[in-house]
There are 2 protein chains.
Amino acid sequence: MIDEKTAREAVVQAADELFYAHGVQAVGMDAVRTAAGVSLKRIYSLFASKDELIVAVLNHRTAIWDTGLASASERATSARERILAIFDFLDAWFREPSFRGCAFINTHGELGSTSTAVADTVREQKRAFQKYVAQLVADAGAPPALAPQLAILAEGAQTTAAIAGTPEAAHQARAAAETLLDVATAAHA
Amino acid sequence: MIDEKTAREAVVQAADELFYAHGVQAVGMDAVRTAAGVSLKRIYSLFASKDELIVAVLNHRTAIWDTGLASASERATSARERILAIFDFLDAWFREPSFRGCAFINTHGELGSTSTAVADTVREQKRAFQKYVAQLVADAGAPPALAPQLAILAEGAQTTAAIAGTPEAAHQARAAAETLLDVATAAHA
DNA sequence: TACAGTAGAGAACGAACGTTCTCCGCGCAA
DNA sequence: TTGCGCGGAGAACGTTCGTTCTCTACTGTA
């Protein structure tokens with residue numbers, strides 16, 4: 001038998017792909033079982049319920065998002081570049097054929113009013129992103145009020161790209177971010 | 001018996017409130033029946049399926065959105081003011097206790113990958129909003145590239161406010177919109 | 001009054017879901 | 001080898017849902 005950690009990862013990975021592609025409620029536990037190659041009994045020994053699996057999947061997504069963001073800003077040499085790297089990261093993501101919007105936004109829309117655990121996890125992820133942006137804004141020497149504006153641009157780009165099915169929202173948001181950065185740093189200098 | 005138009009409106013109205021509050025899939029047709037006071041038989045004579053009802057509800061939301069936007073910009077005397085009125089409209093909306101995000105975004109996240117009818121309706125609504133903004137931007141004498149930036153701000157404010165559960169995203173987005181407008185009209189002048 | 005047509009209330013049906021249970025086979029201690 | 005415990009496969013269970021069907025009551029007409 002495969003060890004607990006490996007089984008857990010296989011289940012979360014399979015559930016993540018299925019939930020993201022089809023929506024959480026559209027995917028049954030049987031489909032997760034088949035895709036993960038882990039028996040239902042085992043799944044329910046690892047997660048008490050589907051709700052718990054959903055939260056585990058969201059946490060997994062958070063880790064992927066964080067590492068993606070970190071690696072996207074690796075080449076950046078300034079805080080300003082690291083901020084704009086967020087939108088380049090979004091652009092690359094939007095171009096992936098599997099892109100279907102932000103999993104957190106989608107899951108919140110689907111279950112946010114039914115499961116407080118889901119709502120809390122999503123809110124925490126967005127809060128962490130806002131904090132990340134706020135730190136970059138501070139590093140760039142811009143006033144703190146700029147941070148939520150940039151975060152809103154990133155959020156809006158994600159939903160716009162998801163619904164339109166096209167990636168151009170990324171560079172549109174990037175251009176807006178550049179303008180806001182220019183004004184904020186010029187005024188603050 | 002009440003006439004067809006009244007029955008239709010009662011069903012759509014009741015379904016709209018329930019779908020928006022709890023999510024589409026979480027609401028059964030029985031609940032719609034009870035809330036609307038229209039028998040299941042009648043509902044299914046008005047709408048061939050739940051999917052068709054969902055689309056009717058989305059179209060109903062579109063009408064509400066359009067009139068809300070129109071009345072919000074009534075007092076505005078310039079294109080710039082009409083643009084900013086969008087964000088004042090969002091602010092008022094976010095403060096309503098029943099606010100739970102944009103119904104189109106929520107429904108798209110829930111059913112966009114399962115129902116092409118839903119995906120198409122949502123895409124069309126967003127396209128119409130982009131067109132509305134584009135017209136205002138043209139009226140303001142700003143370059144066309146500003147329009148999608150403003151639309152992205154509006155979208156981002158809606159998801160941010162929905163997830164955070166607080167209304168401040170509206171004025172943050174409004175401030176960003178003002179900055180972008182200032183820059184765009186100054187450069188274009 | 002008798003009758004035809006229609007609509008409402010909700011029971012019924014078949015499918016699908018989350019979750020649990022049963023059965024079977026395998027690995028290991030003595 | 002014999003027994004035992006554990007895990008895999010998936011059947012089974014109870015519920016819920018979308019949709020249809022049945023039964024009853026009522027309306028309007030002669």
Side-chain angles (χ1 to χ4, degrees), chain A residues 1-58 106-107 110-118 121, chain B residues 1-58 106-107 109-118:
Chain A
M1 185 196 62
I2 54 178
D3 66 298
E4 181 171 323
K5 197 180 157 207
T6 311
R8 230 188 124 86
E9 279 169 9
V11 171
V12 169
Q13 172 79 30
D16 181 32
E17 282 169 24
L18 289 170
F19 290 171
Y20 183 62
H22 307 104
V24 173
Q25 301 192 85
V27 174
M29 293 298 274
D30 263 25
V32 175
R33 182 253 302 266
T34 304
V38 175
S39 76
L40 276 180
K41 196 175 176 182
R42 194 85 197 280
I43 293 178
Y44 276 96
S45 81
L46 295 166
F47 306 96
S49 65
K50 191 182 184 181
D51 253 12
E52 210 167 274
L53 173 58
I54 295 166
V55 171
V57 166
L58 289 177
N106 292 346
T107 308
E110 201 174 341
L111 300 172
S113 61
T114 336
S115 161
T116 57
V118 166
T121 307
Chain B
M1 184 195 62
I2 54 180
D3 66 297
E4 181 171 323
K5 195 179 160 207
T6 311
R8 228 188 127 88
E9 278 169 10
V11 171
V12 169
Q13 172 80 29
D16 182 31
E17 281 169 25
L18 289 170
F19 289 172
Y20 183 62
H22 307 105
V24 173
Q25 302 192 82
V27 174
M29 294 298 275
D30 262 25
V32 174
R33 183 254 299 268
T34 305
V38 175
S39 75
L40 277 180
K41 197 176 174 182
R42 194 85 197 279
I43 293 178
Y44 276 96
S45 81
L46 295 166
F47 307 95
S49 64
K50 190 181 184 182
D51 254 11
E52 210 167 274
L53 173 59
I54 296 166
V55 171
V57 166
L58 289 177
N106 291 348
T107 308
E110 201 173 341
L111 299 172
S113 61
T114 336
S115 162
T116 57
V118 167

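In the text below, chain A, chain B and the rest are named by the order of the sequence lines, each starting its count at 1. Both backbone and side-chain heavy atoms feed into the values below; hydrogens, waters and symmetry mates do not.
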> OP1 or OP2 of C:dG8 less than 4.0 angstrom from a side-chain nitrogen or oxygen of B:R42, does that happen here?
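True: B:R42 side-chain N/O within range (under 4.0 Å) of C:dG8 OP1/OP2.
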> With the threshold set at under 4.0 Å for non-hydrogen atoms, list the residues of residues 19-32 of chain B touching DNA chain D in residue-number order.
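Residues of residues 19-32 of chain B under 4.0 Å from DNA chain D: B:V27, B:G28, B:M29.
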> Given side chains that start at C-beta, do those of A:V55 and A:F47 come closer than 4.5 Å, heavy atoms only?
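Of all side-chain heavy-atom pairs linking A:F47 with A:V55, none is under 4.5 Å.
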> Rounding to a whole Å, what distance do you find between A:I43:CD1 and D:dG7:P?
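One finds 15 Å between P of D:dG7 and CD1 of A:I43, rounded.
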> Of the non-hydrogen atoms in B:I43 and B:V38, which two are nearest, and what is the gap between them?
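Heavy atoms only, the tightest pair is CD1-O, 3.7 Å.
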> Listed by chain and number, what are the side-chain hydrogen bond (donor to acceptor under 3.5 Å, both in side chains) partners of A:E9, not counting sequence neighbours?
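None.
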> Taking the side chain of A:K41 as its heavy atoms from C-beta onward, which of C:dC21, C:dG10, D:dA11 lies nearest to it?
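So the nucleotide nearest the side chain must be C:dC21.
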> Which atoms form the tightest heavy-atom contact between A:T114 and A:E110, and what is the distance?
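Answer, listing the atom of A:T114 first, then A:E110: OG1-O, 4.3 Å.
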> With a 4.5 Å heavy-atom cut-off, do A:N106 and A:F19 have their side chains touching?
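No; the side chains remain at least 4.5 Å from each other.
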> With sequence neighbours excluded, tell me which residues meet side-chain contact (heavy atoms from CB on, under 4.5 Å) with A:S49.
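Result, side-chain contact (heavy atoms from CB on, under 4.5 Å) vs A:S49: A:D51, A:E52.
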> List, with names and distances, any nitrogen or oxygen atoms from the protein found under 3.5 Å away from nitrogen or oxygen atoms belonging to nucleotides 24-28 of chain D.
none

> Please find the pair of heavy atoms, one from A:A10 and one from A:A36, that lie closest to each other, and give the distance.
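Minimum heavy-atom contact is O-CB, 3.7 Å.
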> So if I take residues 44-56 of chain A and measure heavy-atom distances to DNA chain D, which residues fall below 4.0 Å?
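None - not one residue of the stretch has a heavy atom sitting under 4.0 Å from the strand.
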> Would you work out how much the helix from C:dT1-D:dA30 to C:dA30-D:dT1 bends between its ends, with each end axis defined by five base pairs, to 10 degrees?
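Nearest ten degrees gives 20° for this helix.
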> Using the test side-chain hydrogen bond (donor to acceptor under 3.5 Å, both in side chains), find all partners of B:S39 that sit at least two apart in sequence or belong to another chain.
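Checked B:S39 against side-chain hydrogen bond (donor to acceptor under 3.5 Å, both in side chains); zero matches.
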> Mapping B:R33 and A:L40 onto DNA chain C by nearest heavy atom, which one lands closer to the 5' end?
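Per heavy-atom nearest nucleotide, the more 5' residue is B:R33.
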> Taking atom CG of B:L40 and atom CZ of B:R33, what is their separation to the nearest 0.5 Å?
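Answer for the CG-CZ pair, B:L40 versus B:R33, is 4.5 Å.
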> Donor-acceptor pairs are to be reported for all side-chain atoms of residues 22-31 of chain A against protein atoms at under 3.5 Å, with residues two or more places apart or in another chain.
| from | atom 1 | to | atom 2 | distance (Å) |
| --- | --- | --- | --- | --- |
| A:H22 | ND1 | A:L18 | O | 3.4 |

> Can you list everything that forms a side-chain hydrogen bond (donor to acceptor under 3.5 Å, both in side chains) with B:E17? Sequence neighbours excluded, please.
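Residues passing side-chain hydrogen bond (donor to acceptor under 3.5 Å, both in side chains) with B:E17: B:Q13.
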> For B:V118, which residues count as a side-chain contact (heavy atoms from CB on, under 4.5 Å) partner, sequence neighbours excluded?
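For B:V118 the side-chain contact (heavy atoms from CB on, under 4.5 Å) partners, ignoring immediate neighbours, are B:I54, B:L58, B:T107, B:L111, B:S115, B:V122.
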